[in-house]
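Note that the coordinates shown come from a computational prediction; the quantities given were computed from them, not determined experimentally.
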Amino acid sequence: MGMFDFLLARKQTAAVAKDRLRIIVAHERASRGGPDYLPMLQRELLEVIRKYVSVDAEAVKVDLVGDGDNKVLDISVSLPENGAPAA
């Protein structure tokens, strides 16, 4: 054991922190690039679907997916198995 072994642990910790920071920055960049209307579109779709079927707020997901040079609007709706009508 050398006298400066305690410095090696900091390098490993710094590398882990650097990787975590890269992940956070990439996530922020991805979410910032999305249009502002997606949350509003998701709420409006949920309201329309709730007129006909009783669903949770997490049942409707709206995402903007990059497909090469194009953007694709991906809408996913999870309907209940029993098809419970809206109240």
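- Taking every heavy atom of both residues into account, Ser78 and Val55 meet most closely at O-CG1, 4.1 Å.
- Residues satisfying the side-chain contact (heavy atoms from CB on, under 4.5 Å) test with Glu44, not counting sequence neighbours, are Met40.
- In this structure, CD1 in Ile75 is found 5.5 Å from CG in Leu41, a value given to the nearest 0.5 Å.
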Inset, instruction - Under the side chain to side chain contact (heavy atoms under 4.5 Å, CB included) rule, what do Val60 and Ile49 come out as? Steps first, then yes or no, please. - result: CA-CA 9 Å; Val60 178; Ile49 293 169; 3.7 Å; yes
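- Looking only at side-chain heavy atoms (C-beta outward), Val65 and Leu73 stay at 4.5 Å or farther from each other.
- For Ala57, the side-chain contact (heavy atoms from CB on, under 4.5 Å) partners two or more places apart in sequence, or in a different chain, are Leu46, Arg50.
- Closest non-hydrogen pair, Gln42 versus Lys61, comes out as NE2-CA, 3.9 Å.
- Here the closest heavy-atom approach between residue Ser54 and residue Pro80 is recorded as O-CG, 3.5 Å.
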